[in-house]
Trainee: 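Please see the structure below; I have some questions.
Numbering of ligands and ligand atoms starts at 1, following listing order. Numbers here simply count residues along the sequence, with the first being 1.
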Amino acid sequence: MSRMLMRASNVTAVYAADDGRDVPAVDDVTIEVPEGQIVGLAGESGCGKSTLGNAMAMIANPPLYVINGTLEIEGQSIDLRTLDPNANRRHRKYRGDVVSLLPQGAMNAISPTLKIRDLVVDVLRAHDRNYAKSDAIDLATDRLKMLDMPTRVLDSYAHQLSGGMKQRMVTVISTLLNPKLLIADEPTSALDVSSQKALIEMLLAMVEKKIMSGVIFITHDLPVLSMVTDRLAIMYAGKVIENGRTEDLVHNARHPYTAALLASVLDPTEDTRTKHVLGIPGSPPNLGNPPSGCRFHPRCRFAMDVCTTKEPATLAEGDHEFACWWAKEHPRQSVPMEVSHA
Ligand code: SF4
């Protein structure tokens with residue numbers, strides 16, 4: 001078993017609504033990243049995965065508030081709560097070199113008036129305003145060489161780069177300070193398949209070369225996660241409902257939601273012309289008023305009476321964890337996959 005790089009414990013985050021209510025978006029989530037591994041965070045839109053990423057990266061801004069949670073990383077224990085006025089100053093020293101966030105759509109946020117080299121200098125000076133320009137350029141040049149990327153990119157404007165190259169550049173820039181943990185939010189979503197492959201290969205090389213010690217990869221794209229991750233955590237309605245080694249989850253899902261997500265994806269090795277993609281019936285719940293018991297019960301084809309009243313506890317089989325009454329009654333059995341052919 002690999003050494004644990006990071007553990008985020010009991011993270012709870014809410015959005016303050018206009019009517020004065022707090023709407024929970026992440027509910028008492030605990031997640032770990034072993035040293036040198038890539039952990040995927042998956043689930044439908046609105047399940048809380050980006051909010052959890054922001055909370056762990058310590059960039060939660062109003063109306064998002066982290067009301068509970070601790071991040072343990074490399075012997076440090078960081079209080080993630082954002083409620084006190086000093087939270088931003090407290091968190092600032094950890095951002096960039098302990099935890100770095102590559103937010104959704106980062107490549108589209110590059111100023112069109114800056115060359116990439118100017119962006120490099122701006123980013124490094126945001127962490128240390130005395131960072132010498134020549135040192136910043138040298139660092140970026142060395143990093144690009146290390147990753148077999150062309151250094152001439154530094155003299156380009158964003159509009160002169162392809163989408164794939166822009167995304168790789170923002171990834172390189174967000175990791176120049178060698179963060180222990182990179183949180184990459186939907187880094188491949190806007191890319192074509194060959195650019196996705198190039199980015200994934202670069203991320204794997206970065207972990208291998210110890211530019212960072214671990215990655216949380218957030219996406220709803222399960223085929224991508226199956227390729228790149230060592231472990232998967234599946235979120236539903238603000239909670240992690242299953243997590244374990246990627247191979248275990250893909251071939252031995254213990255939670256009906258994970259099985260339903262997997263059944264929603266076309267497998268190109270099968271006869272895709274005759275296979276219906278199985279969607280998940282219904283929609284994710286309103287987190288302001290979630291269902292009682294198991295939050296997935298209104299959409300679950302295995303739901304029993306107990307599911308509607310009692311929240312399932314988290315169970316473990318080895319390092320595979322899941323929270324489901326059906327799984328409790330069926331030890332070590334995979335959820336039967338629903339198959340539909342025309
Ligand atoms: Fe389905 Fe019940 Fe398991 Fe929830 S606890 S996923 S409703 S079987």
Side-chain angles (χ1 to χ4, degrees), residues 9-14 23-32 39-52 218-223 225-226 229 231-265 267 276-340:
S9 307
N10 309 111
V11 181
T12 298
V14 299
V23 178
V26 172
D27 188 356
D28 199 23
V29 165
T30 294
I31 186 168
E32 296 179 335
V39 174
L41 195 54
E44 291 164 291
S45 295
C47 67
K49 52 193 191 301
S50 293
T51 303
L52 177 61
I218 301 172
T219 183
H220 56 269
D221 191 334
L222 278 174
L225 286 180
S226 306
T229 59
R231 296 183 65 81
L232 278 178
I234 308 293
M235 285 191 78
Y236 186 76
K239 290 178 172 291
V240 170
I241 50 87
E242 182 162 15
N243 84 85
R245 285 182 295 126
T246 301
E247 209 181 297
D248 279 351
L249 261 73
V250 170
H251 298 296
N252 178 29
R254 297 285 283 121
H255 194 287
Y257 178 62
T258 306
L261 274 185
L262 291 165
S264 305
V265 178
D267 181 347
H276 290 305
V277 176
L278 295 168
I280 305 174
S283 332
N286 171 3
L287 291 183
N289 184 22
S292 57
C294 169
R295 292 179 177 188
F296 187 55
H297 85 252
R299 307 172 73 190
C300 180
R301 63 194 177 99
F302 297 94
M304 304 170 272
D305 286 348
V306 64
C307 304
T308 63
T309 54
K310 281 184 80 176
E311 189 175 339
T314 298
L315 308 171
E317 287 169 359
D319 64 352
H320 188 165
E321 296 182 335
F322 41 85
C324 172
W325 291 114
W326 179 92
K328 185 168 194 251
E329 288 195 1
H330 299 80
R332 304 200 174 274
Q333 281 185 42
S334 309
V335 176
M337 289 281 188
E338 206 175 359
V339 178
S340 174

Trainee: When rounded to the nearest 0.5 angstrom, what is the spacing between CG in L232 and CD in E242?
Mentor: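 Here the interatomic distance stands at 9.0 Å.
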Trainee: Assess the residue pair T12 and D28 against the criterion (side-chain hydrogen bond (donor to acceptor under 3.5 Å, both in side chains)); give the C-alpha distance rounded to whole Å, side-chain angles, the decisive distance to 0.1 Å, and a yes or no.
Mentor: CA-CA 5 Å; T12 298; D28 199 23; 4.6 Å; no
Trainee: Taking 2.8 Å as the distance threshold, tell me the number of protein N/O/S atoms next to atom 3 (Fe) of ligand 1.
Mentor: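 The number of such protein atoms is 1.
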Trainee: Looking at SG of C47 and OH of Y257, how far apart are the two atoms once the value is rounded to the nearest 0.5 Å?
Mentor: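 Answer rounded to 0.5 Å: 6.0 Å.
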Trainee: Give a yes or no answer on whether the side chain of K49 reaches the backbone of G43 with a donor-acceptor pair at less than 3.5 Å.
Mentor: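 Yes.
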Trainee: Judged by atom type as modelled, is there a donor-acceptor pair below 3.5 Å linking the side chain of H255 to the main-chain atoms of A323?
Mentor: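 Yes, H255 side chain to A323 backbone: donor-acceptor pair under 3.5 Å.
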Trainee: Determine, step by step, whether E32 and N243 satisfy the side chain to side chain contact (heavy atoms under 4.5 Å, CB included) criterion, reporting the C-alpha distance in whole Å, the side-chain angles of both residues, the deciding distance to 0.1 Å, and the verdict.
Mentor: CA-CA 10 Å; E32 296 179 335; N243 84 85; over 6 Å; no
